[in-house]
Amino acid sequence: MTKPIKTIFVGTPEFSVPYLQGLLADPDFLVTGVITQPDKPSGRKQTLTPSPIKLLAQANNLTIWQPEKLRQDESIVAALRNSGAVLMVVVAYGQIIPQSILDLFPLGAINVHPSLLPKYRGASPIQNTILNGDKVTGVSIMLMDAQMDHGPILAQEITDLDGEETNESLHFKLATTGVPLLLATIKNYLNKSIAPQPQIDSEATFCQMITKEDAKIDWTQSATAIKQKIYAFYPWPATWTMLDGQRFKIFPKVEVLKKSGPAGQIEVNDGQLVIYCGVDALQLQQIQLEGKNRAPAADFIRGYQIKNPILK
RNA sequence: CGCGGGGUAGAGCAGUCUGGCAGCUCGCCUGGCUCAUAACCAGGAGGUCAUUGGUUCGAAUCCAAUCCCCGCAA
């Protein structure tokens, strides 16, 4: 390729950042603008906070669009057309992109999805991979169409899981394989050395957006299931339960022990904090009580006097 | 002014309501016991009680303001 490909990048959270960085660092691409979610109130003081992608775009003096509703924003269509961009790359944007915008790019719109499509279409593929205790996952690069995560696949790369991955570490791991895969795949696709493969829709599974209620622990579940939940929701929204009427967060790592007792019962023994589950028990290492800083379980035991040793 | 918890020795906390010797569990240092140890015994060091001002004979504690950390919410 002789001329750099004029590209629009579309993305929002931390997950998108390495992909934009990869495109910026590659001389075959010229990122001319970025579409990201509007600044949202965040933090305790409800201050407006720009998305990670916006910060990176600002640092590189890129044009930034932050439509409230991309679907209804007519002005952006003209702006994109005038930008001369021929390719769109979408990584975790957070809004549906209408066909009218996809059609603006002669070379197409390419999407990165952190699962082995058609498995885990939707909003929380990484979390669900861990939640279900999968042994393998991966990154898919696909051409976008009007349906969510439905377009034909250009490339996939499989990643093995060791059972100790958190949402955070798996995000990172998939970025390290996904970024080079994205760059190489775009070039191969434009060279016509790979052909898009339609997804097998009958094998598709879907995942919903994670809510904080999803992250509450049901202690009658097995210790293994609860462990997967703790890892899947770390660091956000953080798996939690209630202790003495206060929110009690549990962070990795945790260990499954072959012990049984009443579900939700706390046992303190030899400086170890163990909670009985529906099947087996969990030994905790990092916890946080409402209003307190995160602390090692041993420190927590030393200082906190438990009133009612049952977690709910 | 969205709601709430917190700041006390290196760590985690009690003490604050009801003002009156700076405490607990650990960690650290020294010595002892022990074949040995994360065990046990004895001794020790380590504090601007977040900051500033006020009330008081006397403030970690009561009053006012400020800074910082955290949970909820968004």
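Order of the sequence lines fixes the chain letters, A, B, ..., with proteins taken first and strands second; residue numbering starts at 1 for each chain.
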Worksheet item: Can you tell me how far C1' of rG5(B) sits from CD of Gln288(A), to the nearest Å?
Response: 11 Å
Fill in: Whole-Å C1' distance, rG23(B) and rU61(B)
14 Å
Discussion item. Using atom C1' in both nucleotides, what's the gap between rC21(B) and rU37(B) to the nearest angstrom?
Written reply: 38 Å
Discussion item. Let's test this: given Watson-Crick or G-U wobble pairing with both distances under 3.5 Å, identify the partner of rU61(B).
Written reply: none
Discussion item. Taking the C1' atom in each of rA59(B) and rA50(B), what is the distance between them to the nearest angstrom?
Written reply: 16 Å
Fill in: Most 5' of Pro296(A) and Glu290(A) on RNA chain B, judged by nearest nucleotide
Pro296(A)
Worksheet item: Roughly, in whole Å, what's the span from CG in Leu289(A) to P in rG7(B)?
Response: 13 Å
Discussion item. Could you tell me how far rA64(B) sits from rU55(B) if I compare only their C1' atoms? Round to whole Å.
Written reply: 11 Å
Practice prompt. Scan every strand shown for a Watson-Crick or G-U wobble partner of rU66(B), both distances under 3.5 Å, and answer none if you come up empty.
Written response: rA50(B)
Item to complete: Compare the minimum distances between each of rG71(B), rC13(B), rG12(B) and the side chain of Lys292(A), then state the nucleotide with the smallest one.
Response: rC13(B)
Worksheet item: Expressed in angstrom and rounded to an integer, what is the separation of Tyr304(A) atom OH from rG6(B) atom P?
Response: 12 Å
Practice prompt. Measure up the Phe300(A) and Tyr304(A) rings against each other and bin them: parallel (under 30°), tilted (30 to 60°), perpendicular (over 60°).
Written response: parallel
Worksheet entry | Counterpart base for rU16(B), defined by Watson-Crick or G-U wobble contacts under 3.5 Å | none
Discussion item. In whole Å, I'd like the distance from the CD atom of Gln305(A) to the C1' atom of rG15(B).
Written reply: 11 Å
Worksheet item: What interatomic distance, in whole Å, is found between C1' of rC70(B) and the corresponding atom of rU25(B)?
Response: 23 Å
Item to complete: Please measure how far the C1' atom in rG12(B) lies from the corresponding atom in rC28(B), and state the result in whole Å.
Response: 16 Å
Worksheet item: Is there a donor-acceptor pair under 3.5 Å between the side chain of Lys229(A) and the backbone N or O of Lys216(A)?
Response: yes
Worksheet item: In whole Å, what separates the C1' atom of rG47(B) from that of rG4(B)?
Response: 29 Å
Worksheet item: Arg302(A) has a side chain; which of rG12(B), rA74(B), rC13(B) sits nearest to it?
Response: rG12(B)
Worksheet item: Expressed as a whole number of Å, how far does the P atom of rC17(B) sit from that of rA60(B)?
Response: 12 Å
Discussion item. Quick check for you: among rG71(B), rC70(B), rA74(B), whose closest atom lies nearest to any side-chain atom of Asn293(A)?
Written reply: rC70(B)
Discussion item. Check this for me, if you would: do Asp201(A) and Arg121(A) make a salt bridge, where the nitrogen-to-carboxylate-oxygen distance has to be below 4.0 angstrom?
Written reply: yes
Item to complete: From the options Gln285(A), Gln283(A), Glu267(A), Glu255(A), select the one residue that forms a side-chain hydrogen bond (donor to acceptor under 3.5 Å, both in side chains) with Gln272(A).
Response: Gln283(A)
Worksheet item: Hey, does the side chain of Lys249(A) come within less than 4.0 Å of rC70(B)'s phosphate (OP1/OP2), counting only N and O?
Response: no
Fill in: NZ/NE/NH1/NH2 to OD/OE distance under 4.0 Å, Lys119(A) and Asp134(A)
yes
Worksheet item: rA42(B) pairs with which nucleotide, Watson-Crick or G-U wobble, both distances below 3.5 Å?
Response: rU30(B)
Discussion item. Tell me the interatomic distance from Phe300(A), atom CZ, to rG27(B), atom P, rounded to whole angstroms.
Written reply: 19 Å
Worksheet item: Between rA11(B) atom P and Gln285(A) atom CD, what is the distance in whole Å?
Response: 21 Å
Practice prompt. Write down the distance between CD1 (Ile301(A)) and P (rA14(B)), rounded to a whole number of angstrom.
Written response: 16 Å
Item to complete: Can you spot which of Leu24(A), Val89(A), Val179(A) makes a side-chain contact (heavy atoms from CB on, under 4.5 Å) with Tyr19(A)?
Response: Val179(A)
Item to complete: Provide the Watson-Crick or G-U wobble partner of rC72(B), both distances under 3.5 Å; none if there is no partner.
Response: rG2(B)
Practice prompt. For Ile250(A) and rG71(B), give me the distance from atom CD1 to atom P, rounded to whole Å.
Written response: 15 Å
